[in-house]
Number of protein chains: 2
Amino acid sequence: MPQAAPFVVHDRWGGGARKRSLPLSRVYALLETGPVVLLTTARDGRANVMTMSWHTMMEFEPPLVGCVVSDRNYSFALLKATKECVINIPTAKLARQVVAVGNSTGRRIDKFAAFGLTALRAARVEAPLVGECYASLECRIADARLVAKYGFFILEVVKAWIDPSVKAPATLHHAGRGTFRVAGRTLRLPSRMK
Amino acid sequence: MPQAAPFVVHDRWGGGARKRSLPLSRVYALLETGPVVLLTTARDGRANVMTMSWHTMMEFEPPLVGCVVSDRNYSFALLKATKECVINIPTAKLARQVVAVGNSTGRRIDKFAAFGLTALRAARVEAPLVGECYASLECRIADARLVAKYGFFILEVVKAWIDPSVKAPATLHHAGRGTFRVAGRTLRLPSRMK
């Protein structure tokens, strides 16, 4: 399989893609549950994707997301150079691909081709959305001052997409060494918390 | 109810407490699933507790945890002054207390007394463990350089406790405005990922 092959970008409105724009004010509710995500990056028409569990919301609006991308990851150099990425949220249906992505490196293979992931054109960044994920957040680096010491990037979400047909997504939550807890029942309690 | 009353610290080995020491190398697997946590702080024999969903692992060992504590929270000043706290992980059984803690402030009430939470003595910090939580992580501030701008504290976990009888904890994952997803089924896939 070729390393970081030129990626075919699909149009997001064709071929069964059902994503709709999501107001930025609602992004926090997607990420503060702590789902495993697929982070995509791209440079010179070549894209990569990595699995990531170390992220946190940092501000509601504009939404800021902090995340750790180790400099051992191929994505580190792409993210640092382009200052852009997309955070894509998969559900349990994608569990095998999520693990396969996490156990391989874009230095040696084109992970989109290898694992059957569809690259959809983003609106504001070059990195593609992952068509199989129910939500995608286009991001730009907002603050890189902790990158050298911790690999910690602070990203601003500049555009958000969601598949509105997914009501209670079975998100994956990594508990180490290939063990995941899947989001189960929904509890609703009266609360003044945002 | 008195504000930040002197707290009664219970001995962790008495009264049905079942916590055991957990190796620091295993802490990441508890937090990377993204559970809602209860953050405890203490100063001058008075303790507070807040609900927190904005946190991420940043290093495996020694375990580093990044988290956002807004300067609007009473806990902010306590954490900043003492440089210590405990991250406690509740399960769905504690959902009502988690919401009640998140909807009140330690400026006006003693939340331990008000919501029936038990303060257990920690080993390395003054802030108490929450006896009703299945895991507790004693922390010290490791890096405060993003506190002024983002309320972002980088904590080092210096001692970890777990109730070994809890095998697949029904952790809470906040999805905004009092809606929580509860950790459900466990998926195990072959993986080389840590």
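Because the structure is a prediction, the values reported are computed rather than measured. Numbers restart at 1 for each chain; the letters A, B, ... are given by sequence-line order, proteins then strands.
Arg181(A) places a side-chain N or O within 3.5 Å of a backbone atom of Gly184(B) that can act as its donor or acceptor partner. The closest donor-acceptor contact from the side chain of Arg177(A) to the backbone of Lys194(B) lies at 3.5 Å or more, if one exists at all. Put simply, the side chain of Asn103(B) never gets that close to the backbone of Ser191(A): no donor and acceptor are under 3.5 Å apart.
Closest approach of Thr33(B) to His173(A), counting heavy atoms only: O-ND1, 2.9 Å. Taking every heavy atom of both residues into account, Ala29(B) and Ala175(A) meet most closely at CB-O, 3.2 Å. Minimum heavy-atom separation, Phe180(A) to Met193(B): CZ-CE, 4.5 Å.
The structure places NE2 of His174(A) at 10.5 Å from CG of Leu187(B), a figure rounded to the nearest 0.5 Å. The CG atom of Asp143(A) sits 3.5 Å away from the OH atom of Tyr150(B) when rounded to the nearest 0.5 Å. Note that CG of Leu146(B) and CG of Leu146(A) are 4.0 Å apart. Values are rounded to the nearest 0.5 Å. With rounding to the nearest 0.5 Å, the separation of CH2 in Trp54(A) from CD in Glu32(B) is 6.5 Å. In this structure, CE on Met58(A) lies 10.0 Å from SG on Cys67(B), to the nearest 0.5 angstrom. Here CD1 of Ile154(B) is found 7.5 Å from NZ of Lys149(A). Values are rounded to the nearest 0.5 Å.
Both Val99(B) and Phe112(B) belong to a common hydrophobic cluster when Ile, Leu, Val, Met, Phe, Trp and Tyr are linked at side-chain heavy-atom distances under 4.5 angstrom. In this structure, Val182(A) is not a member of the same hydrophobic cluster as Met52(A), with clusters built from ILVMFWY side-chain heavy atoms closer than 4.5 Å. Tracing side-chain contacts under 4.5 Å through hydrophobic residues (I, L, V, M, F, W, Y), one never reaches Val49(A) starting from Ile87(A); they form parts of separate clusters. Neither Val158(A) nor Leu78(A) shares a network with the other; the hydrophobic side chains, linked directly or stepwise wherever heavy atoms of I, L, V, M, F, W or Y lie under 4.5 Å apart, form separate groups for each. A single hydrophobic cluster is seen to contain both Val65(A) and Phe76(A), as judged by linkage of ILVMFWY side chains at heavy-atom distances under 4.5 Å, directly or through other members.
Contacts of Glu59(A) with chain B are made by backbone atoms alone, with heavy-atom separations under 4.5 Å and no side-chain atom involved. When heavy atoms are compared at a cutoff of 4.5 Å, Leu172(B) approaches chain A solely by way of its side chain, counted from C-beta outward. His55(B) touches chain A through its backbone: at least one of N, CA, C or O sits under 4.5 Å from a heavy atom, while the side chain does not. Neither the backbone nor the side chain of Leu30(A) comes within less than 4.5 Å of any heavy atom in chain B. With a 4.5 Å cut-off on non-hydrogen atoms, Pro35(A) does not touch chain B at all. Of the two parts of Ala100(A), neither the backbone nor the side chain holds a non-hydrogen atom closer than 4.5 Å to a non-hydrogen atom of chain B. Arg145(A) touches chain B through backbone and side chain together, each having a heavy atom under 4.5 Å away.
A ring pair (Phe, Tyr, Trp, His ring centres under 6.0 Å) check over residues 129-149 of chain B, counting only residues at least two apart or in different chains, returns nothing.
Interface check for chain B: of the options Ala170(A), Pro169(A), Gly66(A), Pro190(A), the most heavy-atom pairs under 4.5 Å are formed by Pro169(A).
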